[in-house]
> 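There's a structure below that I have some questions on.
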Amino acid sequence: MHTDIVISGAGPNGLMLACELSLAGVRPTVVERLPRRSDQPKANGIIGQVVRLLRRRGLAEEEAPLPGFVFGAMPLDLAGLDDNPLHGMGIRQPALEELLERRALDLGVEIRRGHELTGFTQDEQGVTVRLTGPGGASELRTRYLVGCDGAHSAVRKLAGIGFPGVSAADVVSRTAHVTVPGAVLRPERAEMEVPGAGTFGLYAWHRTERGAYALLPVGPEVLTVAAMEWDAGAPGDDVPMTIAELRESLARVLGRHLPLAAPTGPGPHLLRRLNGRDTRVADRYRDGRVFLAGDAAHVHAAMGAPGLNLGLQDAVNLAWKLAAEVRGWAPPGLLDTYEAERRPAAERVAVHTQAQLALAAPGPEVTALREVFGELLADAPARHRIAALLAGSDVTYAMPAPPHPLVGRFLPELPAGPAAQARPVLLAPAAEGVRVRHGRVDVVPADGPDAVLVRPDGYVAWAGTPDETLERALATWFAESLEAA
């Protein structure tokens, strides 16, 4: 059997890639080893500029920028910040996967659950993917294979792609869903009061001289409680995590005990220990006709919640370029721009998550560092720079176009129609006098002195007054050209 593109992994990144490919007129098949969608608690939301792209696709409601966040367990006040780039979407990962799966199925995507990729071979024409599933072994022939199969990616390993990086072996974090008998939640003040124990911050990481903790309400009486320690001497991965273990870890971090208890309602309930923290970026994102995206290409600490912002943008960046190849009009070198653009974005996240982990560590030296860093955050330009770092909006793609403030950057606002269809757009002040030869770019009337060429992933490829440089940009990205009205 033949399919245009095989995607290994039906998590958020794989499903987003499938949706984007379908919008671009390409037929993907998603294979997933798990027999059903995971209901395990993971990410609690999406932070970053991909939220605005999801709104364009009709997958998120309009929301204002976040009035505040945290960086390295330090408060980041964004209220009143001019052009605040940090947007958020309050959706837990199981709900996000359900949303994306529903969209994918509506678009005609085939999702094969219970099918595990066990191998592949590639040649000049395509890739033969080997699978095992309910009916036994099978093969699937495809033009391209994309590994969206997580940090332990089988696709990455089978392709022989290296995964260099660093490990913070001394960091141990424990997380669980719990109840706290007698606790009084005060959401308006982002606090939880526990009689006899004190008042504790909610919704973000908080540092003490002994570690860090986070408390996040997830239901009427259930909280996600996390404790992070350094040099904690935790049990090995083969020893099951318990509520008692979390209770003792939190007591060491806080310097006092909290009466944590297991929830009594229906699960699944989170109960997890992570020994160490890996920060790794694949040494290449492509091996012939095989590509990596999301956690298969990069892993990092969760501080600042950058994972979905990074991975979903990988998917959106790669999708339209793969679709152009499959449909036969891709300009030379188009697929090479995927790694050239997305790998620096992953390296940027690797840097700031390591920096945040360092700021959250215990010790008097770190306390001194936080004091100095806090003074810097009193300045609005510094807060804006950190917000842009967290949003990913400080990443600018190199474009072969004349200098312009918009070129290489994500464009926040676009007309609803073309944006929802995931097509390139030429915003032209005199649109009635502009046409494209092959119909691959939508020409849309726009206000303002400059025309703007926007790629399907929302990044500006060119801006200015239409001339031969626009012709070159159209040819470079879309094998397209202008014709007279």
> Does any pair with a residue in residues 383-402 pass salt bridge (charged side-chain N to carboxylate O under 4.0 Å, His left out), and if so which ones, sequence neighbours excluded?
R348-D394

> Y285 ring centre to R342 NZ or CZ under 6.0 Å, with the angle to the axis within 45°?
no

> Determine which pairs satisfy salt bridge (charged side-chain N to carboxylate O under 4.0 Å, His left out) with at least one residue from residues 8-26, sequence neighbours left out, and list them in order.
E20-R57

> Does R286 reach the side chain of L335, with side-chain heavy atoms less than 4.5 Å apart?
yes

> Where do R141 and D4 land on the salt bridge (charged side-chain N to carboxylate O under 4.0 Å, His left out) test, with the steps shown first?
CA-CA 8 Å; R141 183 70 175 170; D4 289 332; over 6 Å; no

> Taking the six-membered ring of Y144 as reference, does the NZ or CZ atom of R289 fall below 6.0 Å from its centre and within a 45° cone about the axis?
yes

> Do the side chains of E101 and R113 get close enough for a salt bridge, i.e. N-O under 4.0 angstrom?
yes

> Please examine the side chains of P65 and P85, heavy atoms only from C-beta on, and report whether any two atoms are closer than 4.5 Å.
no

> Within the structure provided, determine whether R435 and V443 are in side-chain contact (heavy-atom separation under 4.5 Å).
no

> For atom CG of D82, is the number of surrounding heavy atoms from other residues, nucleotides or ligands below 6.0 Å larger than 12?
no

> Give me each pair satisfying salt bridge (charged side-chain N to carboxylate O under 4.0 Å, His left out) with a member in residues 448-459, each pair once, sequence neighbours excluded.
E341-R455, R455-D457

> Got R130 and L117 here, is their nearest side-chain heavy-atom distance under 4.5 Å?
no

> Evaluate the side-chain proximity of L426 to D442: yes if any heavy-atom separation is below 4.5 Å, no if none is.
no

> Identify, with sequence neighbours excluded, every residue that meets salt bridge (charged side-chain N to carboxylate O under 4.0 Å, His left out) alongside E471.
none

> Less than 4.5 Å apart, any side-chain heavy atom of T175 and any of T224?
yes

> For R327, check salt bridge (charged side-chain N to carboxylate O under 4.0 Å, His left out) against everything at least two apart and list the hits.
none

> Before you tell me yes or no, could you show the steps for V146 and L17 under side-chain contact (heavy atoms from CB on, under 4.5 Å), namely the whole-Å CA-CA distance, both residues' side-chain angles and the distance that decides it to 0.1 Å?
CA-CA 9 Å; V146 184; L17 177 62; 3.6 Å; yes

> Taking atom types as modelled and ignoring hydrogens, do the side chains of H300 and T279 form a donor-acceptor contact shorter than 3.5 angstrom?
no

> Does the side chain of W477 come within less than 4.5 Å of R440's, by heavy atoms?
no

> Does E188 CD have over 12 foreign heavy atoms under 6.0 Å away?
yes

> Answer yes or no: are there more than 12 heavy-atom neighbours, outside Q125 itself, under 6.0 Å from its atom CD?
yes

> With the side chain counted from C-beta on, respond yes when L390 and L76 share a heavy-atom pair under 4.5 Å apart, and no when they do not.
yes

> Suppose we screen for side chain to side chain donor-acceptor pair (under 3.5 Å). Which residues come up paired with D106, at least two apart in sequence or across chains?
none

> Before accepting this row, confirm whether a basic side-chain N of the pair E110/R112 lies closer than 4.0 Å to the acidic partner's carboxylate O.
yes

